[in-house]
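Here is the naming used below: chain letters follow the sequence lines, and residue numbers restart at 1 for every chain. When reading the values below, keep in mind they use all heavy atoms of this one structure, side chains included, and skip hydrogens, waters and symmetry mates. All values reported here derive from a predicted model rather than from experimental measurement.
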Amino acid sequence: MIDLKYLQNNFDEASARLQKKGVDVSTLENLQNLFASLKEANATLEASKAEQNTMSKLFGQYKRGGKDIAALKAKVDANKERMAPLQEKARVAEEALYSVALAMPNFPDDTVPEGADEDDNVELRKVLEPKTFSFKPKEHWELSEINGWIDFERGVKLAKSRFSVLRGEASRLERALINFFLDTNAQKGFIEHSVPFMNNSAMLQGTGQLPKFEDDLYKIEGEDLYLIPTAEVPLTNLYNDEILAEKDLPVLMTGYTPCFRKEAGSAGRDTRGIIRQHQFNKVEMVAIAHPDKSGEVFEMMVKNASDILTALGLPHRVVELCYGDLGFSAATTIDLEVWLPGQNQYREISSISNTRDFQARRAKIRFKEGKKNKFVHTLNGSALAVGRTIVAIMENYQNEDGSIEIPEVLKKYM
RNA sequence: CGGGAGAUGUCAGAGUGGUCGAAUGUGCCGGUUUUGAAAACCGGUGAGGGUCACACCUCCGGGAGUUCGAAUCUCCCUCUCCCGGCCA
């Protein structure tokens with residue numbers, strides 16, 4: 001959640017930043033008014049409560065002293081009656097404020113490039129040259145057919161479209177990748193976690209998926225549980241409503257989980273192959289950092305993900321997202337896009353974001369600095385998306401006959 | 001799923017209607033003492049809101065209720081532990 005006090009006190013600056021993320025001024029003015037109304041309603045209510053408390057204490061003294069309490073009781077009752085509507089007003093004001101505030105995206109960093117959509121993202125650098133093929137490289141679904149790696153039809157039979165089954169060598173490759181990613185992350189200091197694949201609504205709100213993006217999530221019927229869309233949710237929320245010691249920062253975590261997304265609004269996009277599935281595997285990095293240090297942690301995470309791609313011999317580029325392409329919770333995001341020779345284009349394989357204190361406010365993750373409790377910064381990033389790495393290996397390591405080499409670093413895992 | 005017990009501050013654990021945001025111990029921070037450390041002693045130490053700072057308001061698992069007044073009484077829910085059943 002955004003800092004409402006900051007919005008209140010620096011409205012022009014704050015609204016300019018949010019407008020770049022597509023929020024219009026009237027919404028922000030409304031938010032500002034709702035915040036002011038809530039403060040006013042609370043002030044009135046609290047004054048009334050204070051009065052009530054004072055009289056109640058007197059009441060006790062009167063009774064012990066054997067004094068007549070009739071007059072006092074009348075006063076107390078009258079005040080109580082006056083308090084009821086104030087209470088209701090404050091409750092309504094709070095509800096109104098949070099319904100708007102929780103739907104407000106994060107402030108983008110000042111360094112985020114201008115732009116409306118992914119075409120305006122800025123390429124920072126390319127790593128590794130795409131190799132030239134002496135034949136026309138095939139797309140991964142063609143290669144899958146030759147090698148019998150992915151069973152699309154039976155995946156659909158078991159579930160529905162956008163589900164698939166990995167078979168034989170492909171399935172072993174997936175397992176090898178997960179282990180390789182986890183081991184590499186561990187070497188960089190990320191502690192491995194194995195977490196629940198379902199989280200409750202409070203956690204989803206903590207990281208920003210709820211309440212606004214409920215339609216993208218799979219909900220368990222009859223329970224307050226959702227299938228996680230990314231391990232960012234459970235890993236970040238491990239510290240939900242906790243206060244960390246400053247010396248324990250940064251907390252570096254990694255974990256493998258399947259991810260479940262409805263992909264609502266993606267109809268017609270990437271319908272062939274396993275680029276966009278309702279269920280996919282991912283190894284995630286999450287960091288909880290001191291606000292002064294989150295920038296360095298962010299760079300370290302980008303480098304780690306990029307190094308993994310390099311170790312796999314996969315050409316990629318590092319891209320900084322522009323305002324328009326930035327996600328809801330992110331203040332700044334760098335995507336890693338891997339080269340797919342079959343598709344003849346770069347495709348996202350990792351997305352690393354610094355949410356600053358946005359998720360920390362929602363999830364109440366703080367640290368103790370001296371006597372004060374301050375919000376931490378939270379960061380997350382894929383290292384890496386497993387399914388898309390399989391696609392990248394298939395397309396980059398293919399031979400003319402359609403057979404696929406296994407990258408050297410993975411051989412000991414297979 | 002059935003039976004029983006419970007949920008309080010970092011943790012442990014008192015508190016059964018007012019003077020309780022909450023004893024005591026422990027942990028942590030600071031100090032005294034010490035060549036240094038330990039021990040001992042002294043002081044500080046929950047969270048959120050509000051304020052320039054106070055005042056003040058809220059929070060004893062969550063929600064509703066009784067009462068002038070609830071950690072304490074009533075109801076519902078959730079969770080934890082023990083016993084039994086079932087089971088990877």
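The nucleotide B/A47 finds its pairing partner in B/U58, both defining distances of the Watson-Crick or G-U wobble pair being shorter than 3.5 Å. Across every strand in view, B/A88 sits unpaired, with no contact that passes the Watson-Crick or G-U test at under 3.5 angstrom. Across all strands shown, the partner of B/U74 is B/A64, judged by Watson-Crick or G-U wobble contacts whose two distances both fall under 3.5 Å. Nucleotide B/A5 is matched to B/U80 when pairs are restricted to Watson-Crick or G-U wobble geometry with both distances under 3.5 angstrom. Across all strands shown, B/A40 forms a Watson-Crick or G-U wobble pair, both distances under 3.5 Å, with B/U32. Pairing partner, B/A12: B/U24, with both Watson-Crick or wobble hydrogen-bond distances short of 3.5 Å.
Between the C1' atoms of B/C73 and B/G17, the separation comes to 8 Å (whole Å). For B/U19 and B/U34, the C1' atoms lie 44 Å apart once the distance is rounded to whole Å. The gap from the P atom of B/U32 to that of B/C81 amounts to 46 Å, rounded to the nearest Å. The C1' atoms of B/G13 and B/G18 are separated by 24 Å, rounded to the nearest whole Å. With P as the reference atom, B/A7 and B/G65 are 24 Å apart, rounded to whole Å. Across the C1' atoms, B/C28 and B/U10 are found 8 Å apart, a figure rounded to whole Å. The separation of B/G43 from B/C57, taken at their P atoms, amounts to 29 Å, rounded to a whole angstrom. Distance check on atom C1': B/U51 versus B/U78 gives 37 Å, rounded to whole Å.
In this entry the distance linking CZ of A/F59 with P of B/G69 reads 9 Å, nearest Å. Spacing between atom CG of A/D224 and atom C1' of B/G63 amounts to 14 Å, rounded to whole angstrom units. In this structure, A/D241 atom CG and B/G61 atom P are separated by 14 Å, rounded to whole Å. Rounded to whole Å, atom P of B/G18 lies 18 Å from atom NZ of A/K73. Spacing between atom NZ of A/K368 and atom P of B/U45 amounts to 12 Å, rounded to whole angstrom units. The interatomic distance linking A/L72 (CG) with B/G18 (C1') rounds to 13 Å, in whole Å. Nucleotide B/C68 holds its P atom 12 Å from the CE atom of A/M83, rounded to whole Å.
Taking the centre of each ring, A/F197 and A/F260 stay at or above the 6.0 Å mark.
Taking the centre and axis of the six-membered ring of A/Y323, the NZ or CZ atom of A/K21 falls outside the cone set by 45° and 6.0 Å. For A/K212 and A/F328, the positive end is not near the middle of the six-membered ring at less than 6.0 Å and at most 45° from its axis.
Distances shown here put every side-chain N or O of A/K63 at or beyond 4.0 Å from the OP1 or OP2 atom of B/U19. Residue A/K80 places at least one side-chain N or O under 4.0 Å from the OP1 or OP2 atom of B/G69.
Remark: side-chain polar atoms of A/N106 are not paired, donor with acceptor, to backbone N or O of A/F358 under 3.5 angstrom. In terms of modelled atom types and a separation under 3.5 Å, the side chain of A/N304 and the main chain of A/D307 share no donor-acceptor contact. A/R276 contributes no side-chain N or O that, together with a main-chain N or O of A/E263, makes up a donor-acceptor pair within less than 3.5 Å. A donor-acceptor pair is defined here as one N or O able to donate and one able to accept, closer than 3.5 Å; such a pair exists between the side chain of A/T254 and the backbone of A/E284.
Among the heavy atoms of the strands, none lies under 4.0 Å from A/Q61. Within the 4.0 angstrom heavy-atom criterion, no nucleotide atom of any strand lies near A/K364.
If A/K57 and A/V76 are placed on RNA chain B by their nearest nucleotide, the residue sitting closer to the 5' end is A/K57.
With contacts defined as side-chain heavy-atom distances shorter than 4.5 Å, the pair A/Y239/A/L244 qualifies.
Residues A/K188 and A/D183 are not paired through a salt bridge, judged by the lack of any N-O separation under 4.0 Å between the basic side chain and the carboxylate.
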Sequence-aligned protein contact record of nucleotides 48-57 of chain B, with B where the base is within under 4.0 Å of a protein heavy atom and S where only the sugar-phosphate is
SBSS----SS
